[in-house]
Visitor: 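Just passing along the structure, written as structure tokens.
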Amino acid sequence: MPKNYYSNFLCLSLGFTVLFANHAFAQTATASGVQIIEGEIAKTNKTTDEDGALYENFPINAKVGQKALVKMTGEGFKPAFEVGYINGGKWCSKCATGHKIDENSVATIFYVKENMPLQIRASSVHAGDIGKFKVFYKVIDTKPLVAKPLVIGKQINDSISADDGLNPNEISYDATFWGNIDKYYVDLKTGQNIEIYAASNTDIPEVKFYRLGHDPYHLNWEFIGNAKGDGDAISARFMTPFAGRYYFNISNNPIKDISIADPTIEGKINYSLLVNNTSARAPKIIPHIKTGYETNSTFDKNLDLIPSRRGNLIAKDYIFTPTAGKNYWITAQSKDTDVSIWIGKKSNLGEFELYQSDDDNAGGTGAKLLYQSKSNAPLDIRLFSNYGYPEYQKKNLAEYSFSIKEMTRAPTPFNGKSIKIGDKVLVQLKDGGYRNQLDALYEIYRINLKAGEKATIFTDEYQYISADTYLEIGTGSPDNLNILAQDEDSGSGNNAKIRFTAPQNGEYYIRASATNIAHEDNFYLNIIPTIEPQTPPPPIEIAIGQEIKGELSNSSPLYGDDDVKFADYIFTATKDTKYKLSLKSDDFFANIMVRPFDMSDAKFTQSVDNTPISPPVVSGTKDNNLDYVSPISGKVLVRITSSTDNQLGKYNLIINEQGNDTQKQ
């Protein structure tokens with residue numbers, strides 16, 4: 001930290017006062033009226049937040065009604081800050097958080113609403129990061145913007161600077177930043193075809209096109225190369241669905257936003273904006289297709305623009321006449337773009353009354369849906385490239401395949417496939433197979449169990465592809481199943497898992513299905529004897545600062561109904577003291593669970609009997625850093641568990657003391 005200390009009040013020309021008592025900071029002032037505070041987060045700091053990150057506090061006296069811009073940059077680390085009120089000595093009430101601009105800078109706009117002590121808390125995203133930082137303060141002007149008229153065919157050449165002010169009520173690039181913007185309007189007719197051109201001298205400009213009271217149109221902006229100077233240019237075509245007044249907001253890109261950029265950088269963002277009338281496109285011939293239709297075709301971004309309320313879509317339209325009471329698979333795939341399917345009725349202007357849609361059910365970038373027809377009325381089917389995707393904007397053409405097939409279903413099986421405890425079978429769900437009442441594909445199995453016999457039934461992935469599975473077990477028959485137990489997500493990932501105890505001797509049916517009706521999935525079905533939780537060994541006592549090398553193996557005890565392995569440790573804690581528990585593993589994702597432990601009780605009454613550790617503190621990533629403030633002086637239990645069953649491996653655990661938490665302000 002610099003050696004000069006400021007223990008008095010520093011009155012800023014910006015209209016608020018910053019206090020620097022007991023902290024060392026270098027400060028500079030710029031011609032633009034921005035106050036810059038330079039500091040350093042160092043290992044010698046004793047103040048840490050709830051996540052264990054070091055921080056510095058800057059008290060501020062600000063006037064009610066002011067709007068202050070705060071930006072923080074870090075040298076070699078990801079910075080983070082909060083602005084908030086100190087209420088009763090506690091941090092913090094009504095906080096604003098810095099939002100990421102790039103890897104090394106965050107910013108926010110803070111509204112001063114109360115005459116209460118304010119502080120800015122400067123910290124880091126990751127605990128343990130240190131380094132120099134800068135914090136910028138500036139009171140900003142949020143004067144209302146006045147829309148200026150725009151004339152069709154007349155190019156506007158203007159600039160954006162910090163003097164233009166910010167307006168949170170306007171539609172700009174991101175509501176978080178409320179970037180500097182200029183606003184224009186033009187009156188247009190229904191069905192008017194226009195082309196919009198925008199360019200800037202710094203970066204791709206941000207343009208929002210909208211009507212008052214409506215979300216902005218998602219235009220298909222096309223990058224058209226360098227503009228005059230050092231910047232870039234974009235263009236888009238649009239056909240107006242309604243007559244009325246349309247607005248344009250043009251703003252600077254937030255990463256290079258003048259309002260939150262380094263104030264030592266001078267200059268403006270110059271831009272050009274031009275709106276021209278353009279000729280209407282030739283009417284498209286929309287093909288009428290039948291069941292069994294298959295095609296390989298292309299999206300052409302120069303031809304296949306379709307107007308809609310969501311802007312111009314790169315799309316293809318089809319008309320399909322279904323038969324009432326029949327079900328159809330409608331599928332689209334593309335290796336060049338992310339393709340979606342809409343089904344509904346459209347107006348002459350392309351406005352869709354949407355009945356059904358899908359984006360990703362065919363896996364990857366493909367779309368697939370099951371349409372159940374209730375009438376013989378013609379349907380409009382629209383396939384579109386998800387507008388704005390950069391990988392498609394690089395190409396004029398994007399290939400896709402499209403098909404419509406009648407959905408077939410096998411008759412309900414009279415009996416299931418025989419299976420027994422200890423078996424692992426591959427379930428293959430294919431179109432044309434059995435379907436349940438929700439039209440999901442399934443396979444059914446039968447198993448004989450004795451009264452009181454316990455079995456664990458679960459699914460797991462096939463060839464590293466995890467299906468979202470669903471399991472049911474019951475009695476009766478495949479076409480009339482009396483369900484006794486069911487599950488969707490109790491297994492690892494998207495897998496299902498049932499721990500079942502047979503109520504009586506007899507035959508039981510297991511139905512294995514996927515939750516998504518459009519997916520044809522493969523997965524494994526396993527049936528094993530239920531493993532009861534063992535009495536765990538006594539916990540291992542460890543010292544503060546001692547690094548433990550442990551391992552979860554097949555012989556480790558089990559915790560809870562999830563059948564996860566665990567290991568217990570205890571350490572001696574001091575009341576109101578903060579401890580950092582660090583867990584590292586290259587083998588598995590783990591949880592750390594912490595609670596007070598009464599050594600006078602030989603039984604783990606709050607852990608072995610499968611009730612939650614209470615009060616628990618839990619952390620759960622592959623490398624964990626968990627802060628724990630002990631409510632007692634005495635023994636504390638630390639439980640290491642795998643996140644899901646079947647996860648085993650080695651880990652390192654260390655517990656360090658962080659200090660007395662009552663000293664933290």
Side-chain angles (χ1 to χ4, degrees), residues 220 239 241 280-387 389 392 395-409 430-433 435 439 441 516-520:
N220 179 59
M239 188 176 80
R281 306 216 175 201
K284 296 182 181 296
I285 299 175
I286 301 176
H288 291 248
I289 57 179
K290 299 179 179 180
T291 302
Y293 179 82
E294 294 186 51
T295 186
N296 293 302
S297 188
T298 57
F299 293 113
D300 187 332
K301 71 176 180 180
N302 295 317
L303 299 175
D304 298 318
L305 290 178
I306 296 176
S308 78
R309 188 182 301 274
R310 298 178 65 182
N312 289 347
L313 305 178
I314 304 172
K316 286 287 186 69
D317 281 346
Y318 298 88
I319 297 174
F320 172 64
T321 302
T323 300
K326 290 192 175 182
N327 301 321
Y328 300 92
W329 285 118
I330 304 175
T331 307
Q333 289 275 13
S334 175
K335 67 180 187 306
D336 296 327
T337 186
D338 190 359
V339 62
S340 293
I341 300 172
W342 286 358
I343 296 178
K345 289 297 294 181
K346 63 182 178 63
S347 69
N348 291 334
L349 286 176
E351 293 298 310
F352 240 81
E353 180 187 357
L354 188 63
Y355 300 165
Q356 200 172 337
S357 66
D358 181 67
D359 182 11
D360 293 323
N361 275 339
T365 58
K368 183 175 183 178
L369 57 81
L370 175 63
Y371 181 74
Q372 300 172 309
S373 179
K374 296 180 180 179
S375 74
N376 298 322
L379 292 171
D380 289 300
I381 300 177
R382 174 166 289 178
L383 310 182
F384 68 88
S385 163
N386 283 321
Y387 39 83
Y389 272 66
Y392 181 48
K395 303 180 178 183
N396 284 332
L397 302 177
E399 296 181 357
Y400 70 88
S401 61
F402 171 55
S403 66
I404 296 183
K405 298 179 180 179
E406 185 177 344
M407 187 197 79
T408 58
R409 68 173 74 219
K430 297 293 184 183
D431 188 22
R435 291 188 171 274
D439 275 320
L441 289 161
N516 192 315
I517 62 174
H519 276 161
E520 300 174 358

Visitor: Walk me through whether Ile319 and Leu379 qualify under side-chain contact (heavy atoms from CB on, under 4.5 Å).
Guide: CA-CA 6 Å; Ile319 297 174; Leu379 292 171; over 6 Å; no
Visitor: What residues form a ring-ring contact (aromatic ring centres under 6.0 Å, His included) with Tyr371, not counting sequence neighbours?
Guide: none
Visitor: Can you name the side-chain contact (heavy atoms from CB on, under 4.5 Å) partners of Ser375, sequence neighbours left out?
Guide: Ala377
Visitor: According to side-chain contact (heavy atoms from CB on, under 4.5 Å), who are the partners of Ser297, at least two apart in sequence or on a separate chain?
Guide: Thr295, Lys316, Tyr400
Visitor: With rounding to the nearest 0.5 angstrom, report the CE to CG distance, Met407 to Leu441.
Guide: 8.0 Å
Visitor: What pairs with Lys326 under salt bridge (Lys or Arg N to Asp or Glu O under 4.0 Å), at least two apart in sequence or on another chain?
Guide: Glu406
Visitor: With sequence neighbours left out, write down each residue that passes side-chain contact (heavy atoms from CB on, under 4.5 Å) with Ile341, or none if nothing qualifies.
Guide: Ile330, Ala332, Ile343, Ala367, Leu369, Ile381, Leu383
Visitor: Roughly how far apart are Asp431 CG and Arg409 CZ, rounded to 0.5 Å?
Guide: 10.5 Å
Visitor: Before giving the answer on side-chain contact (heavy atoms from CB on, under 4.5 Å), spell out for Asn327 and Trp329 the whole-Å C-alpha distance, their side-chain angles and the decisive distance to 0.1 Å.
Guide: CA-CA 7 Å; Asn327 301 321; Trp329 285 118; over 6 Å; no
Visitor: Restricting to pairs with a member in residues 370-379, which pass salt bridge (Lys or Arg N to Asp or Glu O under 4.0 Å), not counting sequence neighbours?
Guide: none
Visitor: Between Asp359 and Asp338, does the side-chain contact (heavy atoms from CB on, under 4.5 Å) criterion hold? Intermediate values first, please.
Guide: CA-CA 8 Å; Asp359 182 11; Asp338 190 359; 3.1 Å; yes
Visitor: Kindly write out the residues that satisfy side-chain contact (heavy atoms from CB on, under 4.5 Å) with Asn296, not counting sequence neighbours, or none if the list is empty.
Guide: Ser401
Visitor: Donor-acceptor pair, Asn376 side chain versus Ala324 backbone, under 3.5 Å?
Guide: yes
Visitor: Is Gln333 reaching over with its side chain to a backbone N or O of Lys368, donor-acceptor style, under 3.5 angstrom?
Guide: no
Visitor: Output all residues satisfying side-chain hydrogen bond (donor to acceptor under 3.5 Å, both in side chains) with Glu294, sequence neighbours left out; order by chain, then residue number.
Guide: none
Visitor: Taking only residues two or more places apart in sequence or in another chain, which ones pass side-chain hydrogen bond (donor to acceptor under 3.5 Å, both in side chains) with Gln372?
Guide: Asp439
Visitor: Grab the two heavy atoms, one from Asp317 and one from Lys346, that are nearest each other, plus how far apart they are.
Guide: OD2-CE, 3.2 Å
Visitor: To the nearest 0.5 Å, what is the distance between OG on Ser334 and CZ on Phe402?
Guide: 14.0 Å
Visitor: State plainly whether the residues Glu399 and Lys335 are in salt-bridge range, i.e. N to O under 4.0 Å.
Guide: yes
Visitor: Quick check, are the ring centers of Tyr328 and Phe320 under 6.0 angstrom apart?
Guide: yes
Visitor: Under the salt bridge (Lys or Arg N to Asp or Glu O under 4.0 Å) test, which residues partner Asp380, sequence neighbours left out?
Guide: Lys345
Visitor: I'd like to know whether Trp342 forms a side-chain contact (heavy atoms from CB on, under 4.5 Å) with Asp358, so could you lay out the CA-CA distance, the side-chain angles of the two residues, the decisive distance to 0.1 Å, and finally the verdict.
Guide: CA-CA 7 Å; Trp342 286 358; Asp358 181 67; over 6 Å; no
